[in-house]
Each structure stands twice: as C-alpha cells, then as structure tokens.
Amino acid sequence: MNNIQLKNEINKLKKELNVSIVAHFYQKDEVFDMADFTGDSLELAKWAAKDEKPNLIFCGVGFMGQSVKILAPQKRVFMPKIACCAMARMIDADYFDNNVKILEKAGIKKEDIMPVTYINSSAEVKARVGEMGGYVCTSSNAKKIIIKARESGKKILFVPDRCLGQNIAIDMGLTSCVIGDGVDPKSADIICYNGFCSVHQLFDVEDIEFYRAKYPDILIAAHPECKPEVCAKADFVGSTSQIIKYIKELPLEQKIAVGTEFNMVNRLREKNTFVLSSTKPECPTMNETTLKDLYATLLSIKEKNMKMR
Ligand code: 13P
Ligand code: SF4
C-alpha cells in the first residue's frame, strides 16, 4: 500500500474502532497528519485523559502514553512503538534512591528534600517522587510547579533533566548545582540530577553567534532542555507549544532560528525559519513511529476486539 492508501485505511479503521489518535510535534509528518489532536506533553496528557473515546493511540514516546494511563486508568492506550525517551531512561527508581542517599550523605535529611520530576521519566520514578510528597512538571509549567514545591521550605531535588532544572533556577534568580559537579548541594536552591536530552545538547552558543552574524535581526527560540548558556542567549525559551505560539505571532518576514527537534521546526513556517544547528537534530525514538506502524496498531486492536467477542 502507498501512503495515500494507508491514510485512507487508517481513517476507516479509526472510525470503525472508535479510536482517537494523538501525536507529539516531534512525530514524522506522515504520522502527525493523522492525529485528532497534537500538542506538547502537558496538552497531550490533558486532552487524551478527557477524550471520551475508550481507545487511544499515542504517537510519541513511552512516558507520554504512560502519563495518560496514570491520569485515565480506564482508557486503553496503545503505542505503535515502545519508543523510550533517552532522557527518561537515564533514571530509574534505584538511581533515584541512590541520589537521595548522596544528598543524605552530604548532610540533607530525606524529610528536607522535595523532589520534582520532569514528566520525561518513568511511572516508577514518578511513584518514588509521589511517595516523598513531590511533584511532576512539564516544560510548560516547570516554573509554576517549582514555585509551589518551594512553599514547603525544603530543598528541591529536580530529576532527570539538569538543563531544565538549571534554566528554571536562572529564570527565578535561584542557585542550582548538578549532583556530582563538586558543588556542595547544601548551598543550592535546586539540586539537579545529571540527566540530559542528547538532541537538545546539539544546540550551541556558536550556532547562535553564527546566525546572528549572518542575519543581525534574527530571533532565537530555544526549548528549556537546551544548555543554560544557550537559553541565556535566546530571545524566547518555552515548551514546544509555547515556541509555536511565539513564532505564529511574528510577521512572516521575521527570521527565526529554533533550538528544538527537526520535524517540528521543519513544519513551522514556509520561509525564514532555521534549525539552530549545523546537524539535523532528530529525536531517534520519536522518529521510530511510521504510518505502517499506525496501521498495524489499528489492525491489532481490531483483531483483539474480535477475540474478546
Ligand atoms: P514539550 O512538553 O515541550 O513538548 O517537550 C517534550 C520533549 O520531550 C521535548 O524534548
Ligand atoms: Fe526525550 Fe529528547 Fe526525544 Fe524529547 S527530544 S523525547 S527529551 S530524547
């Protein structure tokens, strides 16, 4: 089947099986086009949890589908690929416990730690954070959540993305450290776990300098998973949805270079939009899902439904 035939079959099966499809902005165009709803991590989780259809196909990475299941356990959530976000894989429950122990050794009592996990983490890490009375945040609400978490008067342990933790600290005028960087954690307001996104590590200050030298009026937008020195030099820092909104409000003649995943940047505007890197910043796991996988998932739902009758 070619892509047009596949798309027709997917639309037919979707109706017949009462399935909604959601896709993150980093999905391939062919998959993105098939979604009933697209959004950033927070928007997708909220929309999917409220959607009335009993079946959901989530085109994204593992923690995103898991988040819907946490928010709406009654829903059948299917993922065409068990694509796991590389950053989310950098921490599990044992690593989390070890890092709490490191802080205890450094003289911070467990009861004085308030953990906050980025949504890009597994359900078991979220459960550990929950056991300690902590919070889950996304890139679009991280600052709000940190403000809330700080009301406890405890030290914030931010996992797994050190860049998001450091960027929020800078934005709020707070101090931060990364566990293992030699800085005494007692001296920091936000203590970050040493995780990162390999895709967003690709953007450098040199890339910003290159574009600004070439086009003096260019604007720079960056995702908060980028390095703090990159975010500090950007004109705008925000979640994927916030970046899209910011760019849509600009006149088309305004040039902009964007520090986030390639698929999203590529479909932003017809012209005057650049990827803030000399390499192609593709998220390997987001790119695993194809139209064929989506079709195969719908067929397997149909098969399962027939067996259950
Ligand atoms: P958003 O919540 O901004 O969509 O980010 C998710 C993500 O994984 C970015 O790399
Ligand atoms: Fe995870 Fe980075 Fe891919 Fe986002 S871009 S899903 S943080 S690996």
Side-chain angles (χ1 to χ4, degrees), residues 22-28 31-32 35 37-49 58-68 71 79-92 116-122 125-126 135-145 158-168 171 192-203 221-227 230-231 234 236-247 258-268 275-277 279-289:
V22 297
H24 187 264
F25 295 122
Y26 294 169
Q27 290 291 297
K28 286 180 193 296
V31 173
F32 188 81
F37 183 78
T38 57
D40 67 15
S41 304
L42 182 62
E43 292 167 338
L44 287 170
K46 280 186 173 168
W47 188 93
F58 203 121
C59 303
V61 283
F63 75 82
M64 295 181 170
Q66 249 185 4
S67 301
V68 178
L71 294 172
M79 302 206 64
K81 277 275 159 76
I82 303 295
C84 198
C85 160
M87 182 204 287
R89 290 186 74 155
M90 288 181 185
I91 187 165
D92 60 15
V116 177
T117 183
Y118 189 24
I119 194 167
N120 295 37
S121 55
S122 66
V125 169
K126 291 183 177 98
Y135 296 85
V136 178
C137 75
T138 72
S139 56
S140 63
N141 69 5
K143 187 173 169 183
K144 240 196 211 166
I145 297 288
F158 191 83
V159 304
D161 186 12
R162 63 171 189 235
C163 292
L164 181 58
Q166 289 169 312
N167 283 322
I168 296 292
D171 188 31
C192 305
Y193 180 82
N194 196 6
F196 57 89
C197 166
S198 45
V199 181
H200 288 85
Q201 290 298 299
L202 291 172
F203 308 108
H223 194 277
E225 290 173 12
C226 293
K227 296 170 202 163
V230 169
C231 290
F236 182 80
V237 178
S239 75
T240 51
S241 266
Q242 290 164 344
I243 292 176
I244 293 170
K245 185 170 179 290
Y246 173 74
I247 294 177
V258 190
T260 197
E261 211 271 346
F262 177 81
N263 286 331
M264 177 179 132
V265 181
N266 192 40
R267 70 170 87 86
L268 275 175
V275 176
L276 185 66
S277 176
T279 52
K280 196 176 176 188
E282 281 180 307
C283 173
T285 44
M286 281 282 188
N287 272 275
E288 278 181 30
T289 306

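Start at 1 and go down the list; that is how both ligands and their atoms are numbered.
Under the side-chain contact (heavy atoms from CB on, under 4.5 Å) test applied with C163, the options M87, Q201, H223 reduce to a single match, Q201. Between T260 and the choices V275, V265, L268, the side-chain contact (heavy atoms from CB on, under 4.5 Å) rule is met once, by V265.
With sequence neighbours left out, K46 forms a side chain to side chain contact (heavy atoms under 4.5 Å, CB included) with L42. When the side chain to side chain contact (heavy atoms under 4.5 Å, CB included) test is applied to A83, the partners found at least two apart in sequence or on another chain are V61, K81, T285, E288. For N266, the side chain to side chain contact (heavy atoms under 4.5 Å, CB included) partners at least two apart in sequence or on another chain are F262.
Annotation for ligand 1: atoms under 4.0 Å from non-hydrogen atoms of D40 are 1 (P), 2 (O), 4 (O). Residue N120 approaches ligand 1 through these ligand atoms, each under 4.0 Å from one of its heavy atoms: 7 (C), 8 (O). For ligand 1, the atoms lying closer than 4.0 Å to a non-hydrogen atom of H223 are 1 (P), 3 (O), 5 (O), 9 (C). Near Y26, meaning under 4.0 Å from one of its heavy atoms, ligand 2 places the atoms 4 (Fe), 5 (S). Every atom of ligand 1 with a heavy atom of S239 under 4.0 Å away is listed here by number and element: 3 (O). For ligand 1, the atoms lying closer than 4.0 Å to a non-hydrogen atom of H24 are 1 (P), 4 (O), 6 (C). For ligand 1 and H200, the ligand atoms under 4.0 Å from any heavy atom of the residue are 10 (O). Near S41, the atoms of ligand 1 lying under 4.0 angstrom from a non-hydrogen atom of the residue are 1 (P), 2 (O), 4 (O), 5 (O), 6 (C).
With hydrogens and angles ignored, the 3.5 Å screen pairs no side-chain donor or acceptor of Y193 with any backbone N or O of T117. Within the 3.5 Å criterion, the main-chain N or O of S121 finds a donor-acceptor partner in the side chain of K126. For N167 (side chain) and C226 (main-chain N/O), a donor-acceptor pair under 3.5 Å exists by modelled atom type. The closest donor-acceptor contact from the side chain of N287 to the backbone of C283 lies under 3.5 Å.
In terms of N/O distances under 3.5 Å, ligand 1 is approached by S139.
When heavy-atom distances to ligand 1 are checked against a 4.0 Å cut-off, E225 comes that close only through its side chain, counted from C-beta outward.
In the model, Q242 has no side-chain atom that pairs as donor or acceptor with a side-chain atom of D40 under 3.5 Å. Between the side chains of T279 and S277, at least one donor-acceptor pair of N or O atoms lies under 3.5 Å.
For T138, the closest heavy-atom approach to ligand 1 does not fall below 4.0 Å. The shell of residues lying under 4.0 angstrom from ligand 1, judged by heavy atoms, excludes F25. Heavy-atom separations between M87 and ligand 1 are all 4.0 Å or longer. For the ligand labelled ligand 1, residue M286 lies outside the 4.0 Å heavy-atom shell.
Neighbouring protein atoms of atom 1 (Fe) of ligand 2 (N, O or S, distance under 2.8 Å, waters ignored): C85 SG.
Heavy atoms only, all atoms of each residue included: L276 and F203 are closest at O-CD2, 2.9 Å.
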Inset, instruction - For side chain to side chain contact (heavy atoms under 4.5 Å, CB included), just list the numbers for M264 and I244, CA-CA rounded to whole Å, side-chain angles, deciding distance to a tenth of an Å, and then say yes or no. - result: CA-CA 9 Å; M264 177 179 132; I244 293 170; 3.7 Å; yes

